[in-house]
Amino acid sequence: MSYSVGQVSGFAGITVRTLHHYDKAGLLSPSDRSPAGYRLYSDADLSRLQQILFYRELGFPLDEIATILEDPQANALDHLRARHRLLNDQISKLQRLVEVAEQAMEVQQTGVELSPEERFEVFGEVTFDLTYATQAHLKWQHRESYRRSMARAAGHSKEDWAKIMAEAADWRLRLTAAFDAGEPADGERAMDLAEEHRQHIARWFTPCPTDVHGRIADGFVTDPRAFALAVPPTEQRPGLAPYLRTAVHANAVRRSPADNA
């Protein structure tokens with residue numbers, strides 16, 4: 001069968017201008033012409049076009065594609081391996097750029113008025129995941145409690161944040177020690193640590209009654225990004241997030257409603 005330029009353009013999802021360019025470059029010339037002189041593509045031409053588009057999708061330049069298709073001695077696998085290495089290099093570079101962009105965006109998103117250097121010095125490994133912070137902002141931005149919390153975070157000085165992070169680091173050390181020692185999650189030691197965490201949130205960010213604290217702890221289990229804000233990945237252990245959640249809920253049970261401020 002033969003196909004017109006317009007038909008092939010529709011099949012392949014490319015423009016007629018692109019097909020004309022391939023023809024002019026000698027990469028893909030129609031095998032036939034209609035009695036009126038219009039270009040007509042054969043099934044073999046379409047098969048060649050599929051190969052061209054495949055290599056183009058991988059980023060090969062047209063001259064290299066021509067070499068692969070025209071030279072019977074050309075080793076397509078070698079070309080693909082070289083392209084694979086190049087794409088991986090590009091992915092690595094782009095990922096680094098994404099991380100730099102995210103770091104810059106995090107400063108704006110979290111409302112913490114620190115320079116990037118100060119944030120690195122203060123926070124270290126404990127960082128705000130961009131997607132998590134963005135989703136939280138979109139979900140809670142209209143709640144007064146969320147706005148108060150963000151306002152308090154924005155108002156903290158570098159010295160405040162240093163105290164916050166020191167408190168959190170000490171708490172994490174004792175939490176992991178209790179977990180590693182096999183202390184029961186609903187035991188006094190674990191519940192005391194859960195209460196410390198609740199008071200830490202209330203002291204530095206927002207009032208945290210036990211029901212709110214329970215929802216926060218539930219998030220530690222369902223969303224690793226949330227737990228990473230409390231315990232950095234390098235300090236985590238399998239089962240630590242559920243352990244903390246159990247301790248938080250056990251602490252809520254042992255406290256009276258009057259103590260939930």
Side-chain angles (χ1 to χ4, degrees), residues 106 109-112 123-156 160-161 163-261:
E106 284 169 6
Q109 183 64 56
T110 61
V112 178
F123 290 107
E125 187 187 355
V126 181
T127 58
F128 290 91
D129 183 280
L130 178 67
T131 56
Y132 182 76
T134 301
Q135 288 172 4
H137 177 72
L138 293 175
K139 185 176 181 180
W140 306 114
Q141 60 180 314
H142 300 300
R143 291 203 174 188
E144 181 61 29
S145 59
Y146 176 82
R147 290 197 292 268
R148 284 199 307 267
S149 175
M150 296 305 291
R152 287 191 66 186
H156 290 328
D160 290 333
W161 281 108
K163 292 177 183 177
I164 292 169
M165 299 308 291
E167 282 186 13
D170 176 68
W171 173 81
R172 291 196 307 272
L173 184 65
R174 289 180 288 115
L175 173 70
T176 53
F179 178 79
D180 292 342
E183 293 281 348
D186 57 355
E188 290 295 320
R189 185 176 174 186
M191 287 191 291
D192 287 346
L193 287 164
E195 177 62 16
E196 277 191 48
H197 183 260
R198 188 180 76 86
Q199 293 291 347
H200 177 84
I201 295 172
R203 182 166 54 255
W204 292 106
F205 299 102
T206 186
C208 188
T210 54
D211 60 332
V212 172
H213 197 212
R215 290 195 292 272
I216 293 172
D218 291 340
F220 291 161
V221 175
T222 59
D223 193 334
R225 300 170 302 174
F227 189 49
L229 295 179
V231 181
T234 56
E235 298 180 26
Q236 293 178 13
R237 286 106 160 107
L240 184 57
Y243 178 87
L244 179 55
R245 179 182 63 176
T246 299
V248 167
H249 284 288
N251 179 59
V253 171
R254 76 168 175 171
R255 295 188 59 84
S256 66
D259 292 331
N260 284 346

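The chain is numbered in sequence order, starting from 1. Note that these values count all heavy atoms, side chains included, but never hydrogens, waters or copies made by symmetry.
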Sorted by chain and number, sequence neighbours left out, side chain to side chain donor-acceptor pair (under 3.5 Å) with Gln236 holds for none
Minimum heavy-atom separation for [X] to [Y], with atom names?
X	Y	value
Pro233	Ala228	CD-CB, 4.3 Å
Pro184	Ala190	O-CB, 3.4 Å
Asn251	Ala194	CB-CB, 4.1 Å
Pro242	Gly239	CD-O, 3.3 Å
Ala226	Gly219	CB-O, 3.7 Å

Who passes side chain to side chain contact (heavy atoms under 4.5 Å, CB included) against Ala178, sequence neighbours left out? Glu183, Arg189, Leu193, Tyr243
Under 3.5 Å, side chain of Arg174 to main-chain N/O of Arg172, donor-acceptor pair present? no
Look up atom [atom1] in [X] and atom [atom2] in [Y], then write down how far apart they are to the nearest 0.5 Å.
X	Y	atom1	atom2	value
Ile201	Ile216	CD1	CD1	4.0 Å
Asp160	Met165	CG	CE	13.0 Å
Cys208	Arg203	SG	CZ	11.5 Å

Of Thr222, Leu244, Val221, which is the lone residue that meets side-chain contact (heavy atoms from CB on, under 4.5 Å) with Phe227? Leu244
Report yes or no: do His249 and Asp218 form a side-chain donor-acceptor pair below 3.5 Å? yes
Asp186 vs Arg254 side-chain heavy atoms within contact, under 4.5 Å: no
With His197 via ring-ring contact (aromatic ring centres under 6.0 Å, His included) - residues at least two apart: Trp171, His213, Phe220
